[in-house]
Each structure stands twice: as structure tokens, then as C-alpha cells.
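Proteins get letters first, then strands, A, B, ... in listed order; numbering begins at 1 in each.
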Number of protein chains: 2
Amino acid sequence: MQYQSYPDTLTTEQELRQIYLFSCLNDQQLARIKQSVRQIQLEDGEYLFKQGQRTEHFFMLKEGHIKLLRLSLEGAEKVFEVILPGQTFAEAIIFLPKSIYPVSAQSINSSVLLSFENKIFIDILKESSATCFQLMSYMSQRLRMWINEIDNLTLQNATHRLVNYLLYQVPGEHSNVYEFNFSIPKHVIASRLSIKPETFSRILHRLNREGLITVKGRTVHIHNVDRLRLQTVNTDSIIE
Amino acid sequence: MQYQSYPDTLTTEQELRQIYLFSCLNDQQLARIKQSVRQIQLEDGEYLFKQGQRTEHFFMLKEGHIKLLRLSLEGAEKVFEVILPGQTFAEAIIFLPKSIYPVSAQSINSSVLLSFENKIFIDILKESSATCFQLMSYMSQRLRMWINEIDNLTLQNATHRLVNYLLYQVPGEHSNVYEFNFSIPKHVIASRLSIKPETFSRILHRLNREGLITVKGRTVHIHNVDRLRLQTVNTDSIIE
DNA sequence: ACTTTTGTTTGATCTTAATCAATGACGATT
DNA sequence: AATCGTCATTGATTAAGATCAAACAAAAGT
């Protein structure tokens, strides 16, 4: 893990301002954040933190990918989430005094992050009701996300989860063909979806055979987004 | 669903003060809450709200049990959580404007609840940084809870989940024998643990055969808590 | 270019828990 | 006490996905 002091340029301010959680801060508050910022470089496979460690920082990913995971006693790995560039993470679990990270964070490829001190951010939260509300609404969304996640795991089967994942990659406007690349290895996506790599591969194969998609390496070509959508359920917003 | 106006007695204030989220409010703020409180009576099986409905209230359960659930398209029911007396619920999802309940809430047995208006509580949150922090720390805990839930679903098997549930019923100090009653039907617990009733029954039977527990009706007798603990993993606080 | 490592696919087999079906137990109602 | 409905248990069978094993492909190191 390579720490770098953070260059004091105009771009700095702009970069911090773009972060959702900091968008309501005044100049003085932002200056305090800025002063505690450190930039971190991670190699492929390197850990940022491990489950059970004290939480003293939260992070914003600038480049690369971070997977949040847990290991079972038998050594099985479950990926809970894959962080993409632009996202902040580990900021929602800082409220229990002496709290610990509930998951480990490991770099996929090499990554660049900014790290922020919890203590300083909490002090600012005490002054900024607007920022409290931003954080609360963010936490709200995440609570909802986990509920959908459990829905997927318990009421949906492996194919549904995988199709859901594929559809999640498609921007809203497309309804016909769409092509994208997996930005991370397939076995990581598989673990994220709680599917074994072998099963993951077989499901893709079957969707191919059914004429819904074509997969070549990391490239996925969806022949008809709407038809693929028929394979799943919109898990949110069901009345009755 | 039977609405009742809320009696204006001294007990009222005390009852509201005991609610964790209201413990930091001043008299004037509590009075505003009090004015919007309604008491609700639910029959066995009656719904308090359904998934997809607009969230305008949150609740505190006084008596009975409430299950939070989702239905799959095929009609399968998944219980996400069982609310016990004293708990507040549906308060963490009110921050998205025009937000909707992510689950349905149905009464087990008959229940008595207090309902509070989101709008009024949000106004108070804007004034009370302390209450914001209470809510945020509450949401933090719940986020962690869902992560543990997914750990249980993906890294643990049905027996582990059931043993975890049994151990969760045991207050900390006991390490030898302990006896308790299931307060809700077994099939609800089964769904809560994502296990079919048949499998649930078979696992209890097996634990019995292994000399770990004795089950008679709703009564569970654990012969040796520590020995039962060996069957599982403490999912939280694992470093390395 | 060749070797090694890592990741992916394919086939055969196994395991866990679900499903299907029937019976039994219990509580509530009459 | 008899009946009904709900809930729980038990047995037989099935199915989804995991595991094991091997081949294959692609990337990385030498």
C-alpha cells in the first residue's frame, strides 16, 4: 500500500466538490477535509483493509476496482460488492464508536483511492444538517439495496440473478441490442452473484443457446434487451 | 385496521420518551410528535402496509408481532424480519422523496402499534443533530445486520442458520442449559431463515438426535449452549 | 517463443435442500 | 366430544446447483 500526499491544486477542490457527500460543504469545511486527504495506490490483489479492523477512514475510488468480501472458515470467498471508480465506500459504518469493518476490501487490478478521516467528517456532520441528510438518504438507498439483494438470493434463482446483472449494465434507453465488456474477471462477478464459476459459465452458455446473448471473452452482446428482460422480475415496486 | 386516537396522559410522554429515536428530543419537539401519534390495532394476518405503497408513516410495535415480507411472482413468501414489541420500524427508508415501502408488513397474531408521521419527524431531524446521529447510528447497525444476513445465506448452510437463530435467543450469560419458547409459528421462523418448513423440522430433529436440544411443541430446550455454539461461526469480527 | 500461472469451460457425479404426498398433532369452533 | 382448519412432521423423490476432474484459453513472466 503506497501512501501519497495529495497535491494542493485547484483540481483538488473540484475533485472533492464532485463527491456527493461533500457537495453541501462550505469552503472552510472542505478545507478541513482536504487537509486530511491521502491518496493511496494499491497493487492487484492488495488489501485496503480487512474485516474486523478498526474503521478510521472511509474512501473514494478514483481508478481501478475494489471488491468487498468475506471469507468463510473453509476459505470460501463471497464478494458482497464491487466498487467502481467515483464511488465512496465504508462511510456508512462509522457511527458505532470503535466500530470495525464488516468486510475486507481488496484491489482488483491496481487502484487509486482517496482516503478521508472519519473523525473529521463526523465533526463536520455535527455542523452540517444538509450533509447529515445526504448521508441518511444514501444509507436509505443502501438499506434498500441489501433488501433487494436478499430478495435476489432467496426468491430468485441463479439465472435470474445473472440476467438481472446483465440488465443492470444496460443504460435505460436501450431496448434492443446492446454490447458491453465485463470490467472484472468472471469469477468475481460469479461470487458477487453467489454462483460458482462453473455454473456461471453454464448459464451464459444456455442464454447463448437460447439466442438471447453472445459472449466472446469479456464481451457480452445482448441481442434483444426487452426479450432478456422477460427472463426476470423487477423486484422493486410491487404492490399487492 | 382500527385507528384509535391516542390518550393524552402522563404515560404517553413516558412511553414516547422510551423510544430510542425520541430520547434526545426536547419537550416542544416531543409534543409535535405526540400530536401526530395514532394507535393502530391489527387482527391476525392483517396488513399494515404493502410493498410499493408510499411511505408516510413509521411505526413502533407495542404488542404482538409484525413480519416484514416479500412475495415472489410464483407466490412464495420470504420473511425478511420479524418485529418484536418495543421495536420501531420503517423509519430508515423515508429519505428518498416519494419513497415506497420495500416490503409488506403483516400482523402475526393481533398487534398494537403506534404510528408516526414521517413529515413531522423529518422536520425535527432538521433541528436536532443529536437525533440525526441516533438515526444514522441505527441505520449503520442495520446495514451491518443485512451484511451478516447475506453472509448467513451465502457462506452458511441451513443448519448453521438455524443454530445461529437458536443461539440468538440465548441471553449472553448462559453457557450451559437454556430453555425458551418460539414466540411465532415455526414456518415463519423457517421463512425468516430461508428454509422450507419440512427442512426446518428435519434439522431440529437431527439436532435432537445428536443430543444438542430437545423440542416439544414451541419449547426449545438447549442442553449445552457452548456445545451448540461449536456448530456455528461467529460471523462478525473476523480478522485475517 | 516458451513456460507458467491464472482464469474459463466442459463433462460426470454428488449433495443439499426443495418438492410432493400423506399423516399426525394441536387449537379453535361448534 | 366431534369437526374443521392450521401447523408440523415424516417419507419418498427430484432438481438445482456444487463439487471434482480434466481440458482449454489467455495472460504474464522468463
Side-chain angles (χ1 to χ4, degrees), chain A residues 43-46 65 67 72 74-79 82 106-110 152-163 165 181-209 213-220 231, chain B residues 43-46 65 67 72 74-79 82 106-110 152-163 165 181-209 213-220 231:
Chain A
E43 305 283 303
D44 185 19
E46 213 178 339
H65 297 276
K67 64 179 180 189
S72 73
E74 300 83 42
E77 171 178 309
K78 162 64 184 167
V79 173
V82 176
Q106 188 183 22
S107 181
I108 306 173
N109 313 319
S110 56
N152 274 324
L153 287 171
T154 57
L155 294 170
Q156 254 66 58
N157 63 24
T159 304
H160 283 143
R161 291 204 291 282
L162 177 38
V163 170
Y165 183 86
N181 289 310
F182 289 133
S183 56
I184 49 175
K186 286 177 185 167
H187 69 270
V188 178
I189 300 174
S191 170
R192 165 66 245 285
L193 300 174
S194 299
I195 301 172
K196 296 286 144 182
E198 294 94 326
T199 306
F200 185 89
S201 171
R202 280 185 248 266
I203 293 173
L204 283 183
H205 193 146
R206 188 162 46 74
L207 292 174
N208 185 324
R209 225 171 40 231
I213 62 173
T214 307
V215 184
K216 191 159 184 103
R218 285 190 170 189
T219 306
V220 180
Q231 300 279 314
Chain B
E43 305 282 304
D44 185 21
E46 214 179 337
H65 297 275
K67 63 179 180 189
S72 73
E74 300 84 40
E77 172 177 308
K78 162 63 184 166
V79 174
V82 176
Q106 189 183 19
S107 181
I108 306 174
N109 313 318
S110 56
N152 273 323
L153 287 170
T154 57
L155 293 171
Q156 253 66 58
N157 63 24
T159 303
H160 283 143
R161 291 204 292 281
L162 178 37
V163 169
Y165 182 85
N181 289 308
F182 289 134
S183 57
I184 49 174
K186 287 177 184 167
H187 69 268
V188 178
I189 300 174
S191 170
R192 165 65 246 285
L193 300 174
S194 299
I195 301 173
K196 297 287 146 184
E198 296 92 326
T199 307
F200 185 88
S201 172
R202 280 186 249 267
I203 294 172
L204 283 184
H205 194 142
R206 188 161 47 73
L207 293 174
N208 185 324
R209 224 170 40 231
I213 61 173
T214 308
V215 183
K216 189 156 186 105
R218 285 191 170 189
T219 306
V220 180
Q231 299 279 312

Item checked: From CG (A:L153) to CG (B:L153), nearest 0.5 Å -> 6.0 Å
Next item on the list: Can you sort out which residues in residues 192-202 of chain A have a heavy atom within less than 4.0 Å of DNA chain C? Ascending by number, please.
Entry: A:E198, A:S201, A:R202
Note to self: Would the distance check show the side chain of B:R161 and the main-chain N or O of B:S194 forming a donor-acceptor pair, the cut-off being under 3.5 Å?
What the structure shows: yes
Check: For C:dT10, does either OP1 or OP2 sit under 4.0 Å from a side-chain N or O belonging to A:H205?
Finding: yes
Next item on the list: Nearest whole angstrom, please: distance from the P of D:dG17 to the CG of B:N157.
Entry: 17 Å
Notebook entry, point to check: Between the side chain of B:S191 and the main-chain N/O of B:V79, is any donor-acceptor distance below 3.5 Å?
Noted result: yes
Check: Roughly how far, to the nearest 0.5 Å, is the NE2 atom of A:H65 from the OG atom of A:S183?
Finding: 4.0 Å
Note to self: Is it the case that the side chains of A:N208 and A:H205 hold a donor-acceptor pair, with the cut-off being a distance below 3.5 Å and no angle test?
What the structure shows: no
Item checked: Reported CD1-to-CG distance for the pair A:I195 and A:L204, which is rounded to 0.5 angstrom -> 9.0 Å
Next item on the list: Grab the CD1-P distance between A:I203 and C:dT9 for me, whole Å please.
Entry: 12 Å
Item checked: From C:dA17, C:dG7, C:dT9, nucleotide with atom closest to A:K186 side chain -> C:dT9
Under 3.5 Å, which N/O atoms of the protein pair with N/O atoms of nucleotides 28-30 of chain D?
none

Next item on the list: Measure from CZ on B:F182 to P on D:dT9 and round the result to the nearest Å.
Entry: 9 Å
Next item on the list: May I have the distance from B:I184 (atom CD1) to D:dT6 (atom P), rounded to whole angstrom?
Entry: 19 Å
Next item on the list: Mind calculating the distance between CZ (B:R209) and C1' (D:dT10) to the nearest angstrom?
Entry: 12 Å
Check: Counting only N and O atoms by type, is there a donor-acceptor contact under 3.5 Å from the side chain of B:K67 to the main-chain atoms of B:S107?
Finding: no
Notebook entry, point to check: In whole Å, what is the span from the CG atom of A:D44 to the P atom of C:dG7?
Noted result: 8 Å
Margin query: What's the closest nucleotide to the side chain of A:P185 if the choices are D:dA8, C:dG7, D:dG17?
Written below: C:dG7
Check: Under 3.5 Å, is there a donor-acceptor pair between the A:D44 and A:S110 side chains?
Finding: no
Next item on the list: Grab the NE2-C1' distance between B:H187 and D:dC7 for me, whole Å please.
Entry: 7 Å
Check: Are any non-hydrogen side-chain atoms of A:L162 and A:R206 less than 4.5 angstrom apart?
Finding: no
Next item on the list: To the nearest Å, give me how far apart CZ (B:R206) and P (D:dT10) are.
Entry: 14 Å
